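Because the structure is a prediction, the values reported are computed rather than measured. Here is how names work: the chains are called A, B, and so on, in the same order as the sequence lines, proteins then strands, and each is numbered from 1.
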Protein chains: 2
Amino acid sequence: MSSLRALAQRLGLSITTVSRALDDYPDVAPATRERVRHAAREANYRPHNAARRLRKGTGETVAFVMPAQPGHFHEPVFAELLAAIGEQLAAKHHDLILLAARPGLEEMATYRRLVESGRADAFILARTRRRDERVAYLEAKGVPFICHGRTETKQPYAFVDGDGEGGFRDLTKRLIGLGHRRIAHLSAPSYLTFATLRAAGWRQAMTEAGLEEDAQRLFAEGEPAEEDGHRLAAALLAGPQPPTALVCATDRMALGAMQAVAEAGLAIGPDIAVTGHDNIPAASYARPGLTTMELPPAEVGARLAAMILARMGGRDPRELSAVLDLRQIPRGSSAEA
Amino acid sequence: MSSLRALAQRLGLSITTVSRALDDYPDVAPATRERVRHAAREANYRPHNAARRLRKGTGETVAFVMPAQPGHFHEPVFAELLAAIGEQLAAKHHDLILLAARPGLEEMATYRRLVESGRADAFILARTRRRDERVAYLEAKGVPFICHGRTETKQPYAFVDGDGEGGFRDLTKRLIGLGHRRIAHLSAPSYLTFATLRAAGWRQAMTEAGLEEDAQRLFAEGEPAEEDGHRLAAALLAGPQPPTALVCATDRMALGAMQAVAEAGLAIGPDIAVTGHDNIPAASYARPGLTTMELPPAEVGARLAAMILARMGGRDPRELSAVLDLRQIPRGSSAEA
DNA sequence: ATAAGCTTCCAAAACGTTTTGGAGGCCGGT
DNA sequence: ACCGGCCTCCAAAACGTTTTGGAAGCTTAT
């Protein structure tokens, strides 16, 4: 592990000069700068990360805390999101550190540990909640952070989010255009901002079409995975005036719902439309293909990475936030393709 | 950020004593130890990570480099694996740092950077290849590492792996028992150890049943995702003596294969068996349910974490390795359930 | 009473970097 | 000659921790 000192010795220079040469300070002669550069490359020199952050007080480390209930974290697009973030950060010589903690006390303790021991200089928050203690804490501590998804706070904060509200509104309108009236929504838990937004979009379209009563009746909430999708759909289908469309908050719920529809002996597409959100791989390989919408995770990841870097550089959060349009992907499950 | 010095000052002790008290050295009086302990808890003291690793020369950081081609990393069980690893490591106060790098030059450069800048003290390798330069490099550098999956090397090394060979042998025998003879295998690329092992298991069962010729003919290789599963299955089904069973290396391939079978107008289960590996959520919600096998990712993750910690503690790799039995999950796609 | 041995504590060095506050040499202007 | 200013360079301090090598005080054995 070739150190600055070793380099300096070999070159007959001081540590200071070597350090400044590598850091492009103006007060080192171009000739020596080159000499140092060359020697550094030759010796495969890498500054010792810990030493640098000890001295500078801050480092190049972004933390991502997965809100994971163990045995419960099959987010399919998640790996790709992480890969994109990791790649972008690595390109700028930043590290991504990854923790898992269940929301609640454990989660906050984890954030505190990371901040107070100086391990993390910035955070990316996933699964943002409407009232999110993480946001409050980091805000108060002055630690830069970025949200994947929105939250409810007075403070300006930086986020990237898909336009779930618009996406679900457009989708629901499309279904109404196809003749559907009794359109149910299978929502994720309402403390999650994305769930509330998607539900709001669906409700708007229903209201505009004068279908408030159906909307009132045909709303169900559960965990955003197959199991609850199946359960909630089965319950709705067994009701008095069963829906003709199931607008699900996520693809995983939708896949569960499709199973329930099939079990009820109904044809997905012609009889009952089922739709999701995320465009996970399984959605296009379901039969019929699952109508869904997507925000490419690689793009979101790249964006999150760029934003957190800007935030660490002191950029104003207001200049950074973005609500991105969703791409609608009609397939057979809504009898559109 | 309350420092050791601040604590010492407040207690009227030296930094040394405070440090040693917190570290359970025998040469500090029980009474002072308690006093220090109490004050540390009170002040919410956390040792500064960078300072500690600078001094000790090594820290508590495990790196995981995702072998990701961007836009191509939808590993469904991956998030859960990471969550399990992250949680276990966090419980032992270790950090998990996550990078993404495409296999090849970039990947090796990433490993080198991490090692030489002292950012990572140990590695977890995923998608282990039969001849794996990462293993060679880390071995040579004396950096502790653990493989998820096996590799071909003379050196003893530590790994966790499912018994893919046994699993696919048993599965294939079961299919033979059900009357199948023309059993095809859709393999992942052979440079990946797991692909070779699963293929070997299938081939063994075929050979034992005297079906070498079919095995010869009914082998296809592609990327372990839906697309190639679909493509390879379609090609096999269009051949002269089409298979009656498609044993796929992964669930994602199997889902693609199921699509191809359906397009060919054949009934999955009765006409043609399709099987996978991983037990991803979509497998149980496919129609019919996909016969598969699994190694619970949470368990593997916990095991990997425990092993890398043991390895960092100097334990011999030979004592650590484990080949774990797979749990077979018969479902409708093989007409067993 | 002294030496030896514990027990309990501490000063100082070290890890490798960045940054502060000059120092020395050289030039041009007076 | 001298001064001010520029160009290069550098010694030393600092970040917060762990560890080395004692030191002081007390107890016990001689």
Side-chain angles (χ1 to χ4, degrees), chain A residues 1-37 39-40 43-61 93-95 113-121, chain B residues 1-37 39-40 43-61 93-95 113-121:
Chain A
M1 226 178 309
S2 129
S3 68
L4 219 41
R5 170 156 41 178
L7 266 188
Q9 205 142 25
R10 191 163 340 152
L11 288 164
L13 287 171
S14 75
I15 295 183
T16 310
T17 305
V18 175
S19 171
R20 315 201 86 175
L22 294 175
D23 235 359
D24 263 343
Y25 274 66
D27 70 347
V28 29
T32 29
R33 192 204 316 284
E34 265 326 298
R35 215 155 58 88
V36 171
R37 284 262 161 95
N44 216 334
Y45 168 74
R46 312 237 184 262
H48 191 285
N49 193 245
R52 146 180 304 200
R53 75 180 294 123
L54 173 59
R55 167 65 227 225
K56 307 228 311 181
T58 173
E60 294 91 22
T61 305
H93 299 278
H94 281 239
D95 291 337
R113 258 216 338 265
L114 286 172
V115 169
E116 280 159 18
S117 66
R119 288 158 134 89
D121 307 299
Chain B
M1 224 174 312
S2 130
S3 68
L4 218 41
R5 170 156 39 177
L7 265 187
Q9 205 142 24
R10 191 163 340 151
L11 288 164
L13 287 171
S14 76
I15 297 184
T16 310
T17 305
V18 176
S19 170
R20 315 200 88 175
L22 294 175
D23 235 2
D24 263 343
Y25 273 67
D27 68 350
V28 29
T32 27
R33 192 206 317 283
E34 266 325 298
R35 214 156 58 87
V36 171
R37 282 263 162 92
N44 216 333
Y45 168 74
R46 314 238 183 259
H48 191 286
N49 193 245
R52 147 181 302 202
R53 74 182 295 122
L54 172 59
R55 168 64 227 225
K56 306 229 311 183
T58 173
E60 295 91 20
T61 305
H93 301 277
H94 282 238
D95 292 336
R113 258 217 336 266
L114 286 172
V115 169
E116 280 160 18
S117 67
R119 287 159 135 90
D121 307 300

Give a yes/no on whether any side-chain N or O of [X] is located under 4.0 angstrom from OP1 or OP2 of [N].
X	N	value
A/Y25	D/dC9	no
A/S19	C/dT17	no
B/S14	C/dC10	yes
B/R5	D/dC15	yes
B/T17	C/dT8	no

hbond_proxy B/R55 side chain to D/dT18 base (donor-acceptor, 3.5 Å cutoff):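 Indeed, a donor on one side and an acceptor on the other fall under 3.5 Å apart.
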Donor-acceptor pair under 3.5 Å, A/D27 side chain vs D/dC9 base: yes
B/R20 or B/L54, whichever maps to the more 5' nucleotide of DNA chain D: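 Closest to the 5' end, via its nearest nucleotide, is B/L54.
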Salt bridge A/E60-A/R52, side-chain N to carboxylate O under 4.0 Å: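 Yes, charged N to carboxylate O under 4.0 Å.
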Residues A/R37, A/D24: salt bridge by 4.0 Å N-O rule: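 Salt bridge present between A/R37 and A/D24.
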Can you measure [X] atom [atom1] to [N] atom [atom2] for me and round it to whole angstrom units?
X	N	atom1	atom2	value
B/N49	C/dG16	CG	P	17 Å
A/R53	C/dC15	CZ	C1'	16 Å
A/E34	D/dT8	CD	P	14 Å
B/L22	D/dT19	CG	P	13 Å

Touch class at under 4.0 angstrom, heavy-atom based, for A/I15 against every strand present: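 A/I15: base contact, heavy atoms under 4.0 Å.
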B/T32 or B/K56, whichever maps to the more 5' nucleotide of DNA chain C: B/T32
Listed nucleotide nearest any side-chain atom of A/Y45, set C/dT8, D/dA11, C/dT17: C/dT17
Per B/L13 side chain, nearest of listed nucleotides C/dT17, D/dA11, C/dC10: C/dC10
Any side-chain donor near an acceptor of the partner, B/S19 and B/T16, under 3.5 Å: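 Absent: no donor and acceptor within the cut-off.
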Greater than 12 external heavy atoms within 6.0 Å of A/E34's CD: yes
Under 3.5 Å donor-acceptor, B/R33 side chain and B/Y25 backbone: yes
